[in-house]
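Computed over heavy atoms, backbone and side chain alike; hydrogens, waters and symmetry mates excluded.
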Amino acid sequence: SHIAITDLLKGRVEVGATVTIKGWIRTRRDSKAGISFLAVHDGSCFDPIQAVVPNSLNNYEEVTKLTAGCSVTVVGTLVESQGQGQSFEIQAETVEVMGWVENPDTYPMAAKRHSIEYLREHAHLRPRTNIIGAVTRVRNCLSQAIHRFYHERGYVWISTPIITASDCEGAGEMFRVSTLDMQNLPRTDKGDVDYSEDFFGKEAFLTVSGQLNGETYCSAMSKIYTFGPTFRAENSNTSRHLAEFWMVEPEVAFADLNDIAALAEDMLKYVFKAVLEERRDDMEFFAQRVEKTAISRLEDFVEKDFAQVDYTDAVEILKGCGKKFEFPVEWGVDLQSEHERYLAEEHFNAPVVIKNYPKDIKAFYMRQNEDGKTVAAMDVVAPGIGEIIGGSQREERLDVLDARLEEMGLDKEDYSWYRDLRKYGTVPHSGFGLGFERLVAYVTGMGNVRDVIAFPRTKGSATY
Ligand code: 4AD
Ligand code: MG
């Protein structure tokens, strides 16, 4: 059996041992003295390992034809490296070629550095690049750390449905799921398409959030979280929006807004520490090549207490700061990313929890405050990215919830299963949603959420 390259480079195997590695060639260099140097990577860590191949091998001819992307099995002795930068290398005894690159001219990896946009179009190439390999490992590290964080605190992971009838955010940004015969669509009397029998006799959509289902389970299991794909038919083309993205949504019974603001802070600090400890190699690459402060800002983040500010006070700060914004600020408007970034980057110079927003710009399920004008909502806004978390205390009082549904023109019948939670042992509860790609984009310094998900889905991109 073979061993992961990371185990060799991290010194987990004794020098002098015979080892087998399997991976792909990154580069090959031949010396005049009849030695071929292969850099082999297998995705387990940032660096490739060097295999030193002497011309005494009977397939040495073949070895000198290897190009970037070829797959190989190398058996040899692990030795301390003489060269700079590398700790260990392999003195090869056999090199078996498993897969050739048919035409090296059509495998454009070695020749030049590719633009990130080019890579989005070339699925087979993308994960083999340094940059996407590093993103992929950091993303994995973050997912594992998130699961660990909740697991250690007794949260139960719930898989909420992808197909649903409810528009959690009420923003009308749902993708329709249909079993209808497209050639023969049912029509209403007026001639419009009749979608009422869309999904085996009922209307259905792809979920925009697992929250409402999460509330059902937190009302029995006390502390739950979801971690899964969510979908938004947002017709926007920005570096922060995807049509398919992953969300982490804890939902906690007997918790108020301050409790989940504290949970959000603990969680972010926990996962940032995990990345700093476990993915130094990749983070050093990001700091060198993508975002100078990639490491230092995470270290900073872990050290600092989050700032907390009420929406109403935030509006005063923005109005009085003397800065010209593209979108003017007035009490009652939703904060734009330029406002959020000003607060986090210039005013507080720290991640900020903005709390108690006007009820008219927020979803129906948020708990109304005593003032009758605001709801117990929060957004966590980070320097350098803006909103990464949105959450709230939920309205647990049936009469207040019903009044709100009515006020917003929503049909009580559609939410009867949700209203039931308020009828049978209702409790105060709160939760939030973390946009996972925004988190990965922030940690890596990658400017665009498309480049931190394996197969980005945005307007007009679903080719593979
Ligand atoms: O603020 P949002 O819309 O909140 C909810 O969906 C709540 N139901 C969550 C909850 O309380 N359980 O979305 C939550 C987060 C945002 O802060 C943002 O980070 C991310 O999801 N997000 C997106 N990420 C990528 N692409 C999109 N189109 C996104 N829309 C939201
Ligand atoms: Mg939001």
Handout entry: side chain to side chain donor-acceptor pair (under 3.5 Å) partners of residues 155-173, not counting sequence neighbours, each pair once
Key =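 Sorted pair list: E169-Y365.
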Are any non-hydrogen side-chain atoms of [X] and [Y] less than 4.5 angstrom apart?
X: F455; Y: E244; answer: no
X: E345; Y: R341; answer: yes
X: F285; Y: I131; answer: yes
X: E80; Y: F88; answer: yes
X: F254; Y: D259; answer: no
X: E387; Y: R438; answer: yes
X: D42; Y: H2; answer: no
X: T374; Y: Y357; answer: no

Practice task
Quick one: do M283 and V443 satisfy side-chain contact (heavy atoms from CB on, under 4.5 Å)? Show the steps, please.
Solution key: CA-CA 9 Å; M283 290 308 295; V443 168; 4.1 Å; yes
Pairwise distance [atom1]([X]) to [atom2]([Y]) - rounded to 0.5 angstrom:
X: H41; Y: T27; atom1: NE2; atom2: OG1; value: 9.5 Å
X: N213; Y: E249; atom1: CG; atom2: CD; value: 9.0 Å
X: W246; Y: L439; atom1: CH2; atom2: CG; value: 14.5 Å
X: N356; Y: Y311; atom1: CG; atom2: OH; value: 12.0 Å
X: E62; Y: E96; atom1: CD; atom2: CD; value: 9.0 Å
X: K10; Y: I5; atom1: NZ; atom2: CD1; value: 13.0 Å

Whether [X] side chain and [Y] backbone form a donor-acceptor pair below 3.5 Å:
X: T129; Y: I132; result: yes
X: S71; Y: M98; result: no
X: Q91; Y: T77; result: no
X: S430; Y: A255; result: yes

Can you name the closest pair of heavy atoms from [X] and [Y] and give their distance?
X: M366; Y: A377; value: SD-CB, 3.4 Å
X: H429; Y: A253; value: CB-CA, 3.7 Å
X: H241; Y: T458; value: O-CG2, 3.9 Å
X: A51; Y: V74; value: CB-CG1, 4.1 Å
X: I162; Y: P229; value: CD1-CG, 3.8 Å
X: L9; Y: C45; value: CD1-SG, 4.0 Å

Do [X] and [Y] get their side chains close enough for a donor-acceptor pair, meaning under 3.5 Å?
X: T312; Y: D310; value: no
X: E284; Y: Q288; value: no
X: N130; Y: R26; value: yes

Exercise for the section: Flag yes if more than 12 heavy atoms outside Y217 fall under 6.0 Å of its OH atom; otherwise flag no. Expected result: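 No, the 6.0 Å shell around OH holds no more than 12 heavy atoms from other groups.
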Handout entry: Crowding at CD, E152 (>12 non-hydrogen neighbours, <6.0 Å)
Key =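 Yes, enclosed.
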Practice task
Identify, with sequence neighbours excluded, every residue that meets side chain to side chain donor-acceptor pair (under 3.5 Å) alongside R394.
Solution key: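 Per chain and number, R394 pairs via side chain to side chain donor-acceptor pair (under 3.5 Å) with E251, S392.
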Practice task
Under the side chain to side chain donor-acceptor pair (under 3.5 Å) rule, collect the residues that match up with K304, sequence neighbours excluded.
Solution key: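 So K304 forms a side chain to side chain donor-acceptor pair (under 3.5 Å) with D300.
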Exercise for the section: Could you give me the CA-CA distance, side-chain angles and deciding distance for R153 and Y225, then say whether side-chain contact (heavy atoms from CB on, under 4.5 Å) is met? Expected result: CA-CA 11 Å; R153 284 158 187 76; Y225 72 105; over 6 Å; no
Practice task
Check step by step if salt bridge (charged side-chain N to carboxylate O under 4.0 Å, His left out) holds for R126 and D451.
Solution key: CA-CA 10 Å; R126 201 171 178 245; D451 300 315; 3.7 Å; yes
Exercise for the section: Starting from the C-alpha separation in whole Å, work towards a yes-or-no answer on side-chain contact (heavy atoms from CB on, under 4.5 Å) for I146 and F227. Expected result: CA-CA 9 Å; I146 285 167; F227 191 171; 4.1 Å; yes
Run the side-chain donor-acceptor check on residues 12-25: report pairs under 3.5 Å with partners two or more places apart or on a different chain.
from : atom 1 : to  : atom 2 : distance (Å)
R12  : NH1    : D7  : OD1    : 2.5
K22  : NZ     : T73 : OG1    : 3.2

Exercise for the section: Could you tell me which residues satisfy salt bridge (charged side-chain N to carboxylate O under 4.0 Å, His left out) with E303, sequence neighbours excluded, listed by chain and number? Expected result: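 E303 satisfies salt bridge (charged side-chain N to carboxylate O under 4.0 Å, His left out) with no residue once adjacent residues are dropped.
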What pairs of donor and acceptor atoms, side-chain ones from residues 29-36 against any protein atom, are under 3.5 angstrom apart with sequence neighbours left out?
from : atom 1 : to  : atom 2 : distance (Å)
D30  : OD1    : R28 : NE     : 3.1
D30  : OD1    : S36 : OG     : 2.6
D30  : OD2    : R28 : NE     : 3.2
D30  : OD2    : R28 : NH2    : 3.0
S31  : OG     : A33 : N      : 3.3
S31  : OG     : I35 : N      : 3.3
S31  : OG     : I35 : O      : 3.4

Exercise for the section: Measure centre to centre between the rings of F301 and F306, then say whether the value is under 6.0 Å. Expected result: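 So the answer is yes for these two rings.
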Problem - Chi angles and distances behind the ring-ring contact (aromatic ring centres under 6.0 Å, His included) call for F327, H339 - result: CA-CA 9 Å; F327 296 90; H339 308 134; 7.1 Å; no
Problem - Audit row: E338, K323, salt bridge (charged side-chain N to carboxylate O under 4.0 Å, His left out) steps and yes/no - result: CA-CA 11 Å; E338 56 172 340; K323 194 171 169 125; over 6 Å; no
Practice task
Under the side-chain contact (heavy atoms from CB on, under 4.5 Å) rule, what do V333 and I361 come out as? Steps first, then yes or no, please.
Solution key: CA-CA 7 Å; V333 304; I361 57 170; over 6 Å; no
Handout entry: Identified salt bridge (Lys or Arg N to Asp or Glu O under 4.0 Å) counterpart of E437 within the set R240, R450, R232, R139
Key =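 So the option named by the test is R139.
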Practice task
Take the angle between the ring planes of F272 and Y442 and call it parallel below 30°, perpendicular above 60°, tilted in between.
Solution key: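 Answer is tilted, since the angle falls between 30° and 60°.
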